[in-house]
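Here's the structure, in C-alpha cells; my notes come after.
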Amino acid sequence: QAHLVQSGGGSVQAGDSFGLACVCVTDGRAFSMYTVGWFRQAPGEEREFVAATSRSDDSLTGGNTYYADSVKGRFTISRDNAKNTVYLEMNNLKTEDTAVYYCAAQYGGARDITDRRAYASWGQGSQVTVSA
C-alpha cells in the first residue's frame, strides 16, 4: 500500500488559480503502474470525484485522464512518474470548489476510476477555500 503526502492547501479568490501536489511513496512498485486520482469533500457533503489518471505502461508519461463535469475545462490532472508525483492544477476557481481535497492511489487498474471505493491509499487532505 502506498503512502501519500499532499502539499498544503490555501485560500484564494474566485477566478484565481491554485495547484496541489501529491507525492506517492510506494512499497517498491513503479508509480507508473498506479491509478491516481483527486477527490474533494465539502462540509456536510460526501467525498466526490474530481479527476483521475490511469496507470501508464510508459514509465515517463501518464495514462488517460478523467474529470468530473463540474471541473472539466478548469482543472488539469497530471503526473510525473519520475518524481512519483501527481498534480492538480485548478484554474478559474469558484466558491463551490471550496473543500478538502484528497489524492488517492490504487495499484493497477480500477473498475470505476471515479469511485472512491476503488482506491486503497489516501493523502492527508488539503483545505482549499475560495472566497467571492
Side-chain angles (χ1 to χ4, degrees):
Q1 193 163 341
H3 178 61
L4 306 179
V5 181
Q6 298 179 217
S7 58
S11 296
V12 298
Q13 292 190 320
D16 285 352
S17 298
F18 191 77
L20 294 172
C22 174
V23 178
C24 180
V25 181
T26 73
D27 56 0
R29 292 183 285 192
F31 176 64
S32 62
M33 296 305 293
Y34 280 81
T35 295
V36 288
W38 289 94
F39 290 75
R40 67 186 181 186
Q41 188 167 17
E45 302 291 332
E46 291 190 353
R47 193 169 300 188
E48 65 174 6
F49 170 74
V50 175
T53 175
S54 61
R55 73 181 196 186
S56 172
D57 292 337
D58 184 315
S59 62
L60 295 179
T61 63
N64 296 325
T65 56
Y66 305 84
Y67 296 94
D69 288 343
S70 60
V71 307
K72 201 170 294 183
R74 299 188 298 122
F75 289 14
T76 302
I77 186 172
S78 62
R79 65 193 296 165
D80 184 337
N81 289 334
K83 296 182 178 180
N84 282 27
T85 302
V86 59
Y87 304 94
L88 184 68
E89 180 65 27
M90 302 178 284
N91 297 315
N92 190 22
L93 281 160
K94 303 177 181 180
T95 56
E96 52 262 43
D97 294 320
T98 295
V100 177
Y101 284 73
Y102 298 89
C103 62
Q106 174 63 35
Y107 182 76
R111 181 181 298 273
D112 182 352
I113 203 169
T114 69
D115 188 345
R116 64 182 185 272
R117 294 169 296 181
Y119 297 84
S121 302
W122 291 85
Q124 80 274 21
S126 302
Q127 174 70 49
V128 176
T129 302
V130 184
S131 58

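Treat the numbers as computed from the prediction; the structure is a model and nothing was measured.
Residues D69 and K72 are paired through a salt bridge, judged by an N-O separation under 4.0 Å between the basic side chain and the carboxylate.
Summarising the geometry, atom CD belonging to Q124 is positioned 8.0 Å from atom NE2 belonging to H3; distances are rounded to the nearest 0.5 Å. Of the inter-residue distances, the one linking S17 atom OG with R74 atom CZ reads 10.5 Å to the nearest 0.5 angstrom. In this structure, the separation between CD on Q6 and CG on L88 is 10.0 Å, given to the nearest 0.5 Å. With rounding to the nearest 0.5 Å, the separation of OH in Y34 from OG1 in T26 is 5.0 Å. Taking OH of Y67 as the start and OG1 of T76 as the end, the distance is 4.5 Å to the nearest 0.5 Å. A distance of 15.0 Å separates SG in C22 from OH in Y101, rounded to the nearest 0.5 Å.
Proximity of a side-chain donor or acceptor of S131 to a complementary backbone N or O of V12 within less than 3.5 Å is detected. The backbone N or O of S54 lies less than 3.5 Å from a partner atom in the side chain of R79, making a donor-acceptor pair.
Taking 4.5 Å as the limit, every side-chain heavy atom of N84 sits out of range of all side-chain heavy atoms of V25.
Hydrophobic clustering (side-chain heavy atoms under 4.5 Å, transitive across Ile, Leu, Val, Met, Phe, Trp, Tyr) keeps L20 apart from Y87. Linking ILVMFWY residues whenever their side-chain heavy atoms come closer than 4.5 Å, directly or via other members, leaves V23 and M33 in distinct clusters.
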Could you check M90 against V50 for side chain to side chain contact (heavy atoms under 4.5 Å, CB included), going step by step and ending with a plain yes or no? CA-CA 11 Å; M90 302 178 284; V50 175; over 6 Å; no

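In the hydrophobic clustering, where aliphatic and aromatic side chains (Ile, Leu, Val, Met, Phe, Trp, Tyr) are joined below 4.5 Å either directly or transitively, V100 groups with F39, F49, Y66, Y102, I113, Y119, W122. Using a 4.5 Å cut-off between side-chain heavy atoms of Ile, Leu, Val, Met, Phe, Trp and Tyr, L4 forms no hydrophobic cluster with any other residue.
The environment of CD in E46 is sparse: at most 12 heavy-atom neighbours from other residues, nucleotides or ligands sit within 6.0 Å.
Pairing each heavy atom of E89 with each of G19, the nearest pair is OE1-CA, 4.0 Å.
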